[in-house]
Every structure is written in C-alpha cells, then in structure tokens.
2 protein chains.
Amino acid sequence: MYREEIHAKLQQSGLKITPQRVAILRAVYTLQNHPTAQQIIDFVHERDFNVATGTIYKTLDTLVEKGVIGKVQNTEEATRYDSRMEHHHHLYGDGDSRIEDYVNEELDHLLENFFLQNNIPGYEINSIHVHINGRFTRE
Amino acid sequence: MYREEIHAKLQQSGLKITPQRVAILRAVYTLQNHPTAQQIIDFVHERDFNVATGTIYKTLDTLVEKGVIGKVQNTEEATRYDSRMEHHHHLYGDGDSRIEDYVNEELDHLLENFFLQNNIPGYEINSIHVHINGRFTRE
DNA sequence: ATTCTTGCAAAGCATTTGCACCCTG
DNA sequence: CAGGGTGCAAATGCTTTGCAAGAAT
C-alpha cells in the first residue's frame, strides 16, 4: 500500500493526515495476520518513530469508527460462559449485552454440505459457528 | 437444575463435589444470558456464600476444560485489527494465532436465503459472520 | 483562536498466579 | 501424608483516561 493510497484513505474518511496515522495505517496494511495493537506498536516503533501507546489505541479506535479498518469480532467485554453444550450458534444484540442461543440442525447441514463442496485448500475444518448480529425486537 | 443433576454432572466429569463448584455451576445454569465471571461471582455471593474471586476463575476454567460448561467464543487474546473492509468470514487456526480471511459470496447468498426462509421471531438480522475453526495444513 | 492530535503517566478492569492452608481419602 | 481444592492478595496485561502541550486551519 503506497503512501498516496494511505493519504487518500485518510482524506476520504475526513481525518487529517498525520505522520502517526500514516504509520499506523501502513502497519495494519503491512502486517497481514490481523495484528494486535502491540504488534502495530512494535512495527511502528521499528519502522518509523516512537508513537505513544495511548495514541496508537486512540488512533486505531478512530480508524475503526470511520470505517477505514475493521476489528476482528470479539465480544469485547469479559469472557462469557455458556451452559448449553450441544452445537449451537449465537444471536448478538447490537447495543445490547444479550446473547441468545440459536439451534438449527438444518443450518448445520447446509453449512456442512457447502464446505464439503467448497473445500478450503490448506485448511481442515473442525467446527463452524455462525455469529448473527442484529436487534432483538421483543422483551 | 436440581442439586442432584449438578452433582451428577460433576461426578461424570471426574471432579470432586464441593460447595463452591455446586454454587458456581448453579449460577451458570440459573443465569440465562451467558453470564460473565463477575455476574457469577455476584450471584454466588448473594445466594450462597463468599467464594474467592480466584477460585471462581479457576473453577470456571476447570469446568470448561472438563466440558461441563462452555465459553462464548472470543479471540481471548488482545483485540485484532483487520485491513479488509468487504464482508468476509474468518478461518481460525486451532492452537495457532493465525486468522485468515474467507471471502465467498455464494456462502453469503446461501445464508441470506436460509434466514429469509427461516425467520427468527423477535429478532432482526443485520449481519452474519461465520467463524470457522480448524487447522492450517500449510506454511 | 479554535479545534484536532499527540505524549505521557496514571488508572481501570478482567484475569492469573503464587503460596499457605485445609480437607479428604 | 499426598493430592486436590480454596482463600487471599499481589501481579499481569490490555486498554482507557485525563490533562497539558503541540500542530493545523
């Protein structure tokens, strides 16, 4: 990803172009494997210059907010436990801490068949969980 | 969930039956909405007796390990960022910190159609992300 | 000047760890 | 008395926050 493209991305999102943002964005694009904040910090420190930890976190938040980059989906709260042990999926409530179980064998078969017919080279599937995001319209 | 069932669960898993474990397990079964450790701590303190924080965490870990209860899937590390903004899914490597993107429009359509035909009462879907767990057999 | 950014260090929170004690077979 | 279980408090690790200083328009 070239400097010009990074500049363009920032401009499109309405953010000012600063050396810190350019460096952070370049780190995210360069580090392929869904980097953590720490990996981004290390990369920036090595390749560019010192950027404060707090700034990295703030900047990453800003970039996610503006839709320039994404976050790998996690519950982003504390770990939550589950009393159901059968295979099941989850419904997440947007802006809601609710998580409901979703059990549907037909869906399981559908996915199983799909991946039997659409083998992923170099990867052996163990299990598939569907994360459904949406809004609860009851209770 | 009755005391006898909880005792049976513990016994089946080869764990000793202790008041702490019974109380924690009852909390997980009673608290419906995928409780956090903190919610379990509060519940136990209110309904039963004081159990040390460290004990709750250790016990929950043990119960998950023995397959008595589950954890809601999260990356359980630090937040990870994603440079790809198109809709996509993720391949997770078991025992591997790798996360790869999986892009497949056919899968997206399949899921979309499935949920059009299988409406979830009281819930409005915004987005669907498939978490695929498995093993990378390359690199 | 006003607003947006940054640096820095302290604070916050969820979770883990180390160790002493305890109980049970 | 050996091993598993627990309590407690300190430590860890990731992330956030508050505030003062700097840069940009």
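Model, not experiment: these values are computed from the prediction. Just so we're on the same page: letters track the sequence lines, and every chain starts at 1.
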Item to complete: To the nearest Å, give me how far apart CG (A:Asp48) and P (C:dT6) are.
Response: 13 Å

Response to the item:
Contacts of A:Asp94 meeting side-chain contact (heavy atoms from CB on, under 4.5 Å) (sequence neighbours excluded), chain-then-number -> A:Asn133, B:Asn126

Discussion item. List the residues meeting side-chain contact (heavy atoms from CB on, under 4.5 Å) with B:Glu124, not counting sequence neighbours, and say none if there are none.
Written reply: A:Arg135, A:Thr137

Discussion item. What is the separation between atom CD on A:Gln11 and atom P on D:dT25, rounded to the nearest whole Å?
Written reply: 10 Å

Worksheet item: Any sub-3.5 Å donor-acceptor pair from B:His88's side-chain atoms to B:Glu86's backbone N or O?
Response: yes

Ignoring hydrogens and angles, write down the donor-acceptor pairs under 3.5 Å from the side chains of residues 51-71 of chain A, residues two or more places apart or on other chains.
residue : atom : partner : partner atom : Å
A:Thr59 : OG1  : A:Thr55 : O            : 2.7
A:Thr62 : OG1  : A:Lys58 : O            : 2.8

Short heteroatom pairs, N/O only, protein and nucleotides 7-10 of chain D, under 3.5 Å:
residue : atom : partner : partner atom : Å
D:dG7   : OP1  : B:Gln20 : NE2          : 3.3
D:dG7   : OP2  : B:Ala52 : N            : 3.2
D:dG7   : OP2  : B:Thr55 : OG1          : 3.1
D:dG7   : O6   : B:Lys58 : NZ           : 3.0

Worksheet item: Who are the side-chain contact (heavy atoms from CB on, under 4.5 Å) partners of B:Asp96, not counting sequence neighbours?
Response: B:Arg98, B:Phe136

Worksheet item: Between D:dA23 and A:Thr18, is there an OP1 or OP2 to side-chain N/O distance shorter than 4.0 Å?
Response: no

Item to complete: Would you list the pairs meeting ring-ring contact (aromatic ring centres under 6.0 Å, His included) in which at least one residue belongs to residues 13-41 of chain B, sequence neighbours left out?
Response: A:His90-B:His34

Discussion item. Please report the distance, rounded to the nearest Å, between NZ in A:Lys71 and C1' in D:dC14.
Written reply: 12 Å

Worksheet item: Would you say D:dT16 has OP1 or OP2 under 4.0 Å from some side-chain N or O of A:Tyr57?
Response: no

Worksheet item: Which pairs with one or both residues in residues 13-26 of chain A pass side-chain hydrogen bond (donor to acceptor under 3.5 Å, both in side chains), sequence neighbours excluded?
Response: A:Arg26-A:Asp48

Discussion item. Ring centres under 6.0 Å, that's the criterion: do A:His129 and A:His87 meet it?
Written reply: yes

Discussion item. Can you list everything that forms a side chain to side chain donor-acceptor pair (under 3.5 Å) with B:Tyr81? Sequence neighbours excluded, please.
Written reply: none

Worksheet item: What does the inter-axis angle of the helix from C:dA1-D:dT25 to C:dG25-D:dC1 come out as, five pairs per end, nearest 10 degrees?
Response: 10°

Item to complete: Using whole Å, report how far CG of B:Asn74 lies from P of C:dT15.
Response: 9 Å

Worksheet item: Between residues 26-45 of chain A and DNA chain C, which residues have a heavy-atom gap below 4.0 Å?
Response: none

Item to complete: Go through the structure and list residues passing side chain to side chain donor-acceptor pair (under 3.5 Å) with B:Glu112, not counting sequence neighbours.
Response: none

Worksheet item: C:dC4 P sits how many Å from A:Arg21 CZ, rounded?
Response: 11 Å

Discussion item. So, using side chain to side chain donor-acceptor pair (under 3.5 Å) as the criterion, who are the partners of A:Glu5 when residues are at least two apart?
Written reply: none

Worksheet entry | Length of the line joining B:Lys16:NZ and D:dG3:C1', which is rounded to integer Å | 6 Å

Worksheet item: Nearest-Å distance, CD1 (B:Ile17) to P (D:dG4)?
Response: 17 Å

Discussion item. Rounded to whole Å, how long is the line connecting atom CD of B:Glu65 with atom C1' of D:dG4?
Written reply: 14 Å

